[in-house]
Structure formats: structure tokens, C-alpha cells
Amino acid sequence: MRTHRLDETALPVGADSRQYARAVARAHDAVVSGCRPAVSPRQLIVESWHRARRQGIDPDHGAGSRPVSAGDVERRRVTCGITEDALLVLRSGLVPAAESAGHIVVVVDVEGRVLWRDGQPGVFRRADRLGFVEGACWLEDAVGTNAIGTALVEGVPVQVRSAEHYVRSHHAWTCAAAPIRDPRDGRLLGAVDVSGPAGTMHPSTLALVRAVAGLAEAKLRDAHRTSLDRLRAVAAPLLAKIDGQALVVDPNGWVAASTGLPPLDRIALPDRLDSQQAWLPAFGACSLEPLPEGILLRPCEPDAPSAARVVVDVRRSGRAALTVHRNSGNWTYRLSGRHAEILLDLAENRAGRTAAELAGQLFGDRTRTITVRAEMSRLRKRFGDLLDHRPYRFLADLEVTALR
């Protein structure tokens, strides 16, 4: 799995900015010409250059993507998942600093479409000439390497300066962007970016953008907690009348309330919940009853589980997922980086791993078994009918595929 530092700024510490810029420009010219650069800049940038070249991006002008209509921009603003409260956090945290530094603040959706701009009016005019306007697409496959598009690909905050941009008309710019994720399921919602003339770059800009994006995600978490509280108020009188096991969850599987069950934070739900019964990894077959903003789940009598195919997919950095295909339905669960590493290792070593072997693989230290056991306990609590222990492994009757 690829990993990039979250604090990797465009100018290495201690480097002379002019000399480094010239070295990056020479490396850029070499890569777009199909040659090997004598000195390579950051790995993240080189990987992005190669993606842009494979996609056939014009290094002088980009792909020339047309902005969507004002009506489409407004629709995307409503449906992108970045709430008004989160947007207010982004603006209040970044616009004052951007205006004083000669920058603009841009918010895009997950498809890289510019939804909002704010900041220094003079920089707006320069951005307009570049096509950096509301409705424009700033993904890598439209304009090559840039902080917005590359942050959406890599799933980490990114700063890009001058010739690190793939398209030469962008070399006069610097930008720093951070992805924004839905705290309910880790899904990318978009990104926030601060851009301006290359000469105004400051290394701390990336840290500021990352911090404010984190505050916006915290605002989204607050909204989610409020919705769970509303669902809990609906669930309490229902569960009080039920004998046996039952729980009420939101559409993302977060548990609002339960009865007859040990405490759970979240359960994995199928991709589609359009029937009255579904198979869930934590409980097996369950009946489903829709509620306002949620679902009432009641485990059914246990049946023999249907054959399953399990896919551990870590091909996209920061977006690892576990998908289970059964006759009764499919479901996908987003994985943390640590859980993705563990499940990938188990998928590639079907005979299983001891705690010491996993510790050696994950940490290079076979003595860190307590940490491994804690992580495996969390995984088995969530995917109990997929995993075995002594040794830790996927159950033998599962068809398991690893995609990396």
C-alpha cells in the first residue's frame, strides 16, 4: 500500500527555493518527454505526473474540460454532503488568512467540480483566465497534477508549487488542499484548497488547510451525533416493547439503541436494503423494518450461512474496503489503514497467522502481541462469521481475493 506523509510540503526543509524550483522544472520536462529525470522530486508528485502522462493530458493546456452550468453547480452544492455549517467553518477558518496573503479559497465536490470560491479579488481575475472558475473540473484527468486533484486521488492533504503542476500554464501557481470525508462512512465528499501566486507559497499553509478541514469534519460529526440522538428518541419506546434481541441503526449502520445485545458502535450493512430480510455479518439473517432516519433490525433464527466470496481491496490509497458477496446479498465496509493491513495479510496467508507473526509483519516487532490482539478483537466483533482465531485467519470455506 502506498503511503505519503500528511505534512509533506512542496519545499523540503532547508532547501533553497529557487534551486529546488529549477530542479523540479527540469524533472518535469524530462517526465513529460518520456525520459527519466536526473533528480526526482517528491514521490507523490512523480506518481501523479506519470498518471497524467498515461491519461494523455496536454502538458501545456490540460484537457480543456468545460465548466458545468450554474444550475448544476447549485444542485451539487445541495447534494455534495458538505453542509452549510461545515462550509461556514471552512470559510471562517481560511478566507481571512487567504485574503491577507493574496490567495483564494476553493471548495470542490468529490468529482473535483468547483462549488465555492472566496478570497482576494485580484487573484480571482487570474484564476478566471486559467479557467479556475465555479463549475470547472480540477481532477487530475482534466488538469493533471494539482493539489485538489491529487489530494482526491491520494486521500491525503497535498501541497503543489510551481513546476510540480503537470500543466505548464499552472506553473505560476501554488496550492494546498485537504480532502473532506463523511465521518459516517469515510466516504470522500470533496476537498478544500487555498491557491495563489507561486511566490506567495508558505510551508504552513498546508498545515492550516488540513487543520480547518478537520474542523469541518468535526462539524459533520456533530450533525451525525444529533441525527443519532433523534433516532434514539424514536427507538427507545419501540425497543422497550420487544422481547429478545433488537437494535436500531441509521442508514450507515451506526447503532442508536439496542436491547438484549452487547454494546455496539456500528454494524456493516448490505449495499442495498430494499427487502424485509438481509444477512448481516454480525448476526446472520435479520428482519428489517424502516423507521424515520433509520432501521429496526431483529436477528432471525440462525441458519447455515450461504457460501461467501470475500474481497480485500487496497488498490486505492486511503480507500481500502472489505466486500462480501453472498447469495442473500452483498455489502462493502470501509477499512482503516491498520485493519486493511491485517486483512490483506490474512487474505494472502490463508493458513493463518499467530499474534506474534502479525506483530512482526505490521510493526517489525514480534513482541507487540497485545496491540495485535486488540485489533483482531475489534475485527472479529465486526466480522465474526468471517474470521477464525488460533491462528488468526479467514474461515476455510470462504473464497478470499486480495486486490492490491
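All heavy atoms count here, side chains included; hydrogens, waters and symmetry mates do not. Computed from a predicted structure; not experimentally measured.
What you find for Val158 and Val160 is that their closest heavy atoms are CG1-CG2, 3.6 Å. Listed here is the closest heavy atom pair of Ile82 and Val108: CD1-O, 4.1 Å. Residues Ala198 and Ser162 approach most closely at CB-CB, 4.3 Å, considering heavy atoms. Smallest separation of non-hydrogen atoms from Pro183 and Arg221: CB-CG, 3.1 Å. Of all heavy-atom pairs between Ala246 and Leu239, the closest is CB-CD2, 3.9 Å. Contact detail for Leu206 and Pro157: the closest heavy-atom pair is CD1-CB, 3.8 Å.
In summary, Glu134 and Arg77 engage in a salt bridge, as defined by a charged side-chain N under 4.0 Å from a carboxylate O. For Asp388 and Arg393, the salt-bridge test passes: some basic side-chain N is under 4.0 Å from an acidic carboxylate O. Taking 4.0 Å as the cut-off between side-chain N and carboxylate O, Arg232 and Asp229 count as a salt-bridged pair. The existence of a salt bridge linking Glu154 and Arg51 is confirmed by a sub-4.0 Å separation between a basic side-chain nitrogen and an acidic carboxylate oxygen. Looking at Asp29 and Arg168, a side-chain N of the basic residue comes within less than 4.0 Å of a carboxylate O on the acidic one, giving a salt bridge. Contact check on Asp109 versus Arg75 returns no salt bridge, with no Lys/Arg side-chain nitrogen under 4.0 Å from an Asp/Glu carboxylate oxygen.
The side-chain heavy atoms of Val248 and Leu297, taken from C-beta on, include no pair separated by under 4.5 Å. Counting heavy atoms from C-beta outward, Val311 and Arg309 have side chains that approach closer than 4.5 Å. No side-chain heavy atom of Asp313 sits less than 4.5 Å from a side-chain heavy atom of Arg319. Looking at Thr369 and Thr371, their side chains never come closer than 4.5 Å, going by heavy atoms from C-beta outward. Using a 4.5 Å heavy-atom threshold, the side chains of Arg334 and Arg187 count as separate. Taking the side chain as every heavy atom from C-beta outward, Leu358 and Met376 approach each other to under 4.5 Å. Side-chain atoms of Trp116 and Val105, non-hydrogen and from C-beta on, never get closer than 4.5 Å to each other. The closest side-chain heavy-atom distance from Leu139 to Ile148 is not below 4.5 Å.
Without hydrogens or angle criteria, Glu357 side chain to Thr354 main chain gives a donor-acceptor distance under 3.5 Å. Using a distance-only test at 3.5 Å, with no hydrogens or angles considered, no donor-acceptor pair links the side chain of Asn349 to the main chain of Gly352. Within the 3.5 Å criterion, the main-chain N or O of Leu88 finds a donor-acceptor partner in the side chain of Ser92. Arg368 contributes no side-chain N or O that, together with a main-chain N or O of Phe363, makes up a donor-acceptor pair within less than 3.5 Å. Side chain of Trp138 to backbone of Phe132: no donor-acceptor contact under 3.5 angstrom is found. Counting only distance, with no hydrogens or angles, the side chain of Arg366 and the backbone of Gln361 share no donor-acceptor pair below 3.5 Å. With hydrogens and angles disregarded, a donor-acceptor distance shorter than 3.5 Å links the side chain of Asn146 to the backbone of Gly144. Although no hydrogens or angles enter the test, the distance criterion places a donor-acceptor pair under 3.5 Å between the side chain of His171 and the main chain of His165. Judged purely by atom type and a 3.5 angstrom limit, Glu217 uses its side chain to pair as donor or acceptor with the backbone of Arg181. For the pair Gln55 (side chain) and Ile57 (backbone), a donor-acceptor distance under 3.5 Å is absent.
Taking CD1 of Ile104 as the reference point, atom CG of Asp118 lies at 9.5 Å (rounded to 0.5 Å). Taking CG from Leu269 and CG from Asp250, the interatomic distance works out to 8.0 Å, rounded to the nearest 0.5 Å. Residue Ile342 holds its CD1 atom at 9.5 Å from OH of Tyr392, rounded to the nearest 0.5 Å. Expressed to the nearest 0.5 Å, how far CD of Glu348 lies from OG1 of Thr401 amounts to 11.0 Å. Annotation: the span from Leu280 atom CG to Leu288 atom CG amounts to 6.5 Å, rounded to 0.5 Å. Interatomic distance, Leu296 CG to Ser258 OG, rounded to the nearest 0.5 Å: 11.5 Å.
A donor-acceptor pair shorter than 3.5 Å can be found between the side chains of Glu140 and Thr150. Side-chain atoms of Asp365 and Thr367 form a donor-acceptor pair, as typed in the model, at a separation below 3.5 Å. Counted by atom type alone, His103 and Ser195 present zero donor-acceptor pairs between their side chains at under 3.5 Å.
Heavy atoms of other residues, nucleotides or ligands lying less than 6.0 angstrom from CG of Asp60 number more than 12.
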| field | Verdict with reasoning, His389 to Arg380, per side-chain contact (heavy atoms from CB on, under 4.5 Å) | value | CA-CA 9 Å; His389 65 301; Arg380 294 188 68 236; 3.3 Å; yes
| query | Under the salt bridge (charged side-chain N to carboxylate O under 4.0 Å, His left out) criterion, do Arg117 and Asp128 qualify, and how do the steps go? | reply | CA-CA 11 Å; Arg117 296 192 314 171; Asp128 291 345; 3.0 Å; yes
| said: Show, in sequence, the C-alpha distance, side-chain angles and deciding distance for Leu387 and Leu395, and conclude whether the side-chain contact (heavy atoms from CB on, under 4.5 Å) test is met. | reply: CA-CA 6 Å; Leu387 298 170; Leu395 294 176; over 6 Å; no
| task | With side-chain contact (heavy atoms from CB on, under 4.5 Å) as the test, would you mind laying out the steps for Cys80 and Leu189 before giving the verdict? | result | CA-CA 6 Å; Cys80 70; Leu189 301 177; 6.0 Å; no
| task | Could you check Leu220 against Asp182 for side-chain contact (heavy atoms from CB on, under 4.5 Å), going step by step and ending with a plain yes or no? | result | CA-CA 7 Å; Leu220 295 175; Asp182 190 329; 5.8 Å; no
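Shown are Gln159, Arg42, His170; of these, the side chain to side chain donor-acceptor pair (under 3.5 Å) with Glu164 is made only by Arg42. Tested against Pro37 for a side chain to side chain contact (heavy atoms under 4.5 Å, CB included), the candidates Val46, Val31, Val24 yield a single pass: Val31.
Relative to the six-membered ring of Phe394, Arg350 misses at least one condition, a distance below 6.0 Å or an angle of at most 45° to the axis.
Within the 6.0 Å centre-distance limit, the rings of Trp254 and His224 are counted as a close aromatic pair.
The aromatic rings of Trp49 and His28 sit perpendicular to each other, their planes meeting at more than 60°, with 30° as the lower class boundary.
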